[in-house]
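Just the heavy atoms: all of them, side chains too, but no hydrogens, waters or symmetry mates, feed the values below. Ligands are counted one by one from 1 in listed order, and the atoms in each one are counted from 1 as well.
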Amino acid sequence: MITSFKPPQRTLMGPGPSDVHPRILEALGRPTIGHLDPAFIGMMDEVKTLLQYAFQTENALTLPVSAPGSAGMEACFVNLIEPGDKVIVCVNGVFGTRMIENVTRSGGEAIRVDDAWGQPVDTNKVEAALETNPDAKILAFVHAETSTGVESDAAALCALAKAHDCLVIMDTVTGLAGVPVKVDEWGADAVYSGTQKCLSCTPGISPVTFSERAAETIRNRKTPVQSWFLDMNLVMGYWGPGAKRAYHHTAPINALYGLHESLVMLQEEGLEASFARHKAMHEKLRDGLAEIGIGYLVDEAHRLPQLNAVMIPQGVDDATARGRLLNEFNLEIGAGLGDFAGKVWRIGLMGYSAREENVQLCLDALKAVIK
Ligand SMILES: *Cc1c(COP(=O)(O)O)cnc(C)c1O
């Protein structure tokens, strides 16, 4: 007979999911109530307010999509794109290539601006693309590329888009709560994130926020959004504003308790303190890695503190080393992707994983397996 599943106790230092704080695990087990229960609706409103804080926005259309980060990505693209729309897409890693897929599958025309993996998006190339495509409707880019550990200059990219009258779609799945994300100050129009990276929550929910300009664009579409489930015009009837909520789908009730708890914890710590903690843990890891001869893929100026892409030392077999980390130390780190497979490890310091004990464990374990 198959019996209950008892997962091993791991330390998660890969590209997500990150370690989930015990307070969040406890919140997930609280009693399930109805999704239209007034108590639940009150909690939904708090989640929206807390997400506005995390995203640094006053956007009314700020809510958690009931599906993982990839669904938040799709929600931004399918709601803003109508057939024939031109979208400039910056590609400097895996998630940029997924944006291209989203544009073409939504009936849009993707104008691709490529940069080498491991490099940030080149604002000069983007400016040139905006100039040669004055009819482009949207600029899409990944703020924090999890595949390479690179942060691009989101403020500059948003400013370029504004100057060319384009809407901005920004992926900050890995950015949110780890590095500054200033949705209103930057003027990003459709922004999505995930719960299992620096929010340290369980996977499966995608916080999104849409500017008034984006909301207006969605309300005034000539064609219906191709996805019924992700159509924000319908989702808004469920997530508010206002007390009257119509059934659209059943929210993942307990998972939202978890998100609520993680956002309460973020508010308690404060955004600035959270960024500072990620940075401090990154520096501690970087210094320890330098001592054992492990260097970084990305130039210091563009490194994400929460995703450390580091070079696998000569003579060390990737799969064997990661296997030993998992089996002997219960430690998960991430493999390299694309051209970096077998050459790079991705060490995550996201949310609750960004703490002293984890950095020390990672350094001690790596020392043992690369000897
Ligand atoms: C993890 C991630 C996603 C996808 O999120 P899922 O929850 O895995 O669907 C999208 N973009 C970036 C940059 C990510 O790191």
Asker: Within ligand 1, which atoms have a heavy atom of Ser70 less than 4.0 Å away?
Answerer: 4 (C), 5 (O), 6 (P), 9 (O)

Asker: Please could you name the atoms of ligand 1 that Thr174 approaches to less than 4.0 Å, counting only its heavy atoms?
Answerer: 15 (O)

Asker: Which atoms from ligand 1 have a heavy atom of Ala144 less than 4.0 Å away?
Answerer: 13 (C)

Asker: By number and element, which atoms of ligand 1 are closer than 4.0 Å to a non-hydrogen atom of Gly69?
Answerer: 5 (O), 6 (P), 7 (O), 9 (O)

Asker: Would you say the side-chain atoms of Ser211 and Asn59 include a donor-acceptor pair closer than 3.5 Å?
Answerer: no

Asker: Taking all heavy atoms of Pro180 and all of Trp186, pick out the closest pair and write down the distance.
Answerer: O-CH2, 3.2 Å

Asker: Could you tell me whether Gln196 approaches ligand 1 through its side chain, its backbone, both or neither, with non-hydrogen atoms closer than 4.0 Å?
Answerer: side chain

Asker: Tell me whether the rings of His249 and Phe229 are parallel (<30°), tilted (30 to 60°) or perpendicular (>60°).
Answerer: perpendicular

Asker: For the residue pair Tyr296 and His282, does the interplanar ring angle fall in the parallel (under 30°), tilted (30 to 60°) or perpendicular (over 60°) class?
Answerer: perpendicular

Asker: Under 4.0 Å, counting heavy atoms only: does Ala71 come that close to any atom of ligand 1?
Answerer: no

Asker: Using a strict cut-off of 4.0 Å, indicate which atoms of ligand 1 neighbour a heavy atom of Thr146.
Answerer: 12 (C), 13 (C), 14 (C), 15 (O)

Asker: Any sub-3.5 Å donor-acceptor pair from Lys137's side-chain atoms to Leu80's backbone N or O?
Answerer: yes

Asker: Which residue from Leu307, Val142, Asp171, Thr195 reaches closest to atom 12 (C) of ligand 1 through any of its heavy atoms?
Answerer: Asp171

Asker: Give the residue and atom name of whichever protein heavy atom lies nearest to atom 3 (C) of ligand 1, and the separation in Å to one decimal.
Answerer: Phe95 CE2, 3.4 Å

Asker: Carefully, step by step, assess Ile253 and Tyr257 under the rule side-chain contact (heavy atoms from CB on, under 4.5 Å).
Answerer: CA-CA 7 Å; Ile253 295 162; Tyr257 299 165; 3.4 Å; yes

Asker: Can you find an N or O of Lys197 that's nearer than 3.5 Å to an N or O of ligand 1?
Answerer: yes

Asker: Do any side-chain atoms of residues 123-131 form donor-acceptor pairs under 3.5 angstrom with protein atoms, and if so which ones, sequence neighbours left out?
Answerer:
| unit_1 | atom_1 | unit_2 | atom_2 | d |
| --- | --- | --- | --- | --- |
| Lys125 | NZ | Asp114 | O | 2.8 |
| Lys125 | NZ | Asp115 | OD1 | 2.9 |

